**Q** 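If you scroll down you'll find the structure; I have some questions about it.
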Number of protein chains: 2
Amino acid sequence: MANDSRKSAQSRQRILDAAAKAFRRKGYVATRLAEIAAIAGLRAGSIYYHFGSKEEILEAVLDIGIRRIVDAVSAALAGLPEEATHRRRLTTAMTAHMTALLRHGDYSSANVRNFGQIPAPVRRRHLKVRRDYEELWRQLLRQAQAAGEISPSADLKLLRLHLLGTLNWSIEWYRPAGASVEAIAQTFADFIFDGAAMAGEPAP
Amino acid sequence: MANDSRKSAQSRQRILDAAAKAFRRKGYVATRLAEIAAIAGLRAGSIYYHFGSKEEILEAVLDIGIRRIVDAVSAALAGLPEEATHRRRLTTAMTAHMTALLRHGDYSSANVRNFGQIPAPVRRRHLKVRRDYEELWRQLLRQAQAAGEISPSADLKLLRLHLLGTLNWSIEWYRPAGASVEAIAQTFADFIFDGAAMAGEPAP
DNA sequence: GTCTATAGGCTGATAGAC
DNA sequence: GTCTATCAGCCTATAGAC
């Protein structure tokens, strides 16, 4: 009994892992159930013992994906000393987000990549979790601005979209061969804070 | 005769417009030929008078998409006075890119959005045009750095990915209701050049 | 040029044996 | 729990009438 439920949980897990990997690479619609089954080491029909439909698998993958990002960012922030600057907090959060996406990331990448093309009902249900994550960034930015580490004139909504856009777009171009994820995230964080203009250059 | 070839060209155009619109919204794989035909005002079978396959339509849409972006950016840059600063050049290019994407942009959006999930042969053929466009940005950034308007220590490759990532990601969140495309692009350009940190704040 | 009709193939999902 | 077998539906693409 404990044996059966353990076996079931393992198969379910393998199916989810396989789906996340496939969704990340080819997208939800283009991925076939037979493909997921093959990666998971079983036949297409067997999937239906664990899931009611392909959409149900998608929902599970999306949920795990966003949760992994939230957990990674939260854990990284929790590991910082109380007195850490807001700049350090934001840099840490950016690195954690990017790492979750690129290195430990079939689920997280599948989430970010497929979000724009998932069926409407699934999207609606998933939106709540997404908003919670956005709220985390809103708070980080608000606190940094309140503490005077971000310019008071900065539009925090656009800054958040600017920042997350840069990070999320990396799934389109990142290849493990190049610079490390940490180095890239650090460079991006410096761009975000200091800008790329020559120091002392006047604004136009 | 001139009448027929004009009618043919018009239908072909309507099919492409319809495909670009659908590809932008739902992605290539999820879009059905019957759907494209319906938007274009004809039946699925009729499409094959104008195109040999669904993939052929995709290729045409992708090509037009990238060309529209290149043309928009090139035209905007050509409209600048000789003595324009490099900051102004880059800001202008960013605005043109974003406008092409968000406002005049079924083709351009379809291109950016579907690039990650197009069939391998199509992708390979399309890569060349993409690289040409990237080269345009490489030159802009190189010249700006050479002129001393971008910090000599800035990694131009990461700066380009940073900049284009921010712009391209906007197709995931932009809604016409909010701020104008020009205002958003201007804000992003200022972020890119000046950063969001409190002026005079020391780096950590 | 566009239509209707349909071929041919594949896909998500179900049923029943083991 | 997983398999095999199979169904029903849908989709791209083709053929031939108009």
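Chain letters run A, B, ... following the sequence lines, proteins first, then strands; residues in each count from 1. These numbers come from a predicted model, not from an experiment.
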**Q** Please list, in numerical order, the residues of residues 113-126 of chain A that have a heavy atom closer than 4.0 Å to any atom of DNA chain D.
**A** none

**Q** Can you tell me if A:R43 has over 12 outside heavy atoms packed within less than 6.0 Å of its CZ?
**A** no

**Q** What is the minimum heavy-atom distance between B:S53 and B:Y48, and which atoms define it?
**A** CA-CE2, 4.1 Å

**Q** Between B:H162 and A:F191, what is the ring plane arrangement, given parallel below 30°, perpendicular above 60°, and tilted in between?
**A** parallel

**Q** I want to check a possible cation-pi pair here: A:R123 against A:F115, using under 6.0 Å from ring centre and within 45° of the ring axis as the test.
**A** yes

**Q** In whole angstroms, how far is the P atom of C:dC3 from the NZ atom of B:K7?
**A** 9 Å

**Q** Search all heavy atoms of B:A110 against all heavy atoms of B:L62 and return the closest pair with its distance.
**A** O-CD2, 4.3 Å

**Q** Taking A:K128 first and then A:D132, would you say they form a salt bridge - that is, a charged N and a carboxylate O separated by under 4.0 Å?
**A** yes

**Q** Going 5' to 3' along nucleotides 12-17 of chain C, which nucleotides have protein heavy atoms under 4.0 Å from the base (write B), which only from the sugar-phosphate (write S), and which from neither (write -)?
**A** SBB---

**Q** Please list, in numerical order, the residues of residues 9-21 of chain B that have a heavy atom closer than 4.0 Å to any atom of DNA chain C.
**A** B:S11

**Q** When you check the side-chain N and O atoms of A:D63 and A:Y107, is any donor under 3.5 Å from an acceptor?
**A** no

**Q** Please check if any side-chain donor atom of B:R130 sits under 3.5 Å from a side-chain acceptor atom of B:N111, or the reverse.
**A** yes

**Q** What integer distance in Å separates B:I47:CD1 from D:dC11:C1'?
**A** 12 Å

**Q** On the 0 to 90° scale, with breaks at 30° and 60°, tag the A:Y133-A:H97 ring pair as parallel, tilted or perpendicular.
**A** parallel

**Q** Kindly check if the number of other-residue, nucleotide or ligand heavy atoms within 6.0 Å of NZ (A:K54) is above 12?
**A** yes

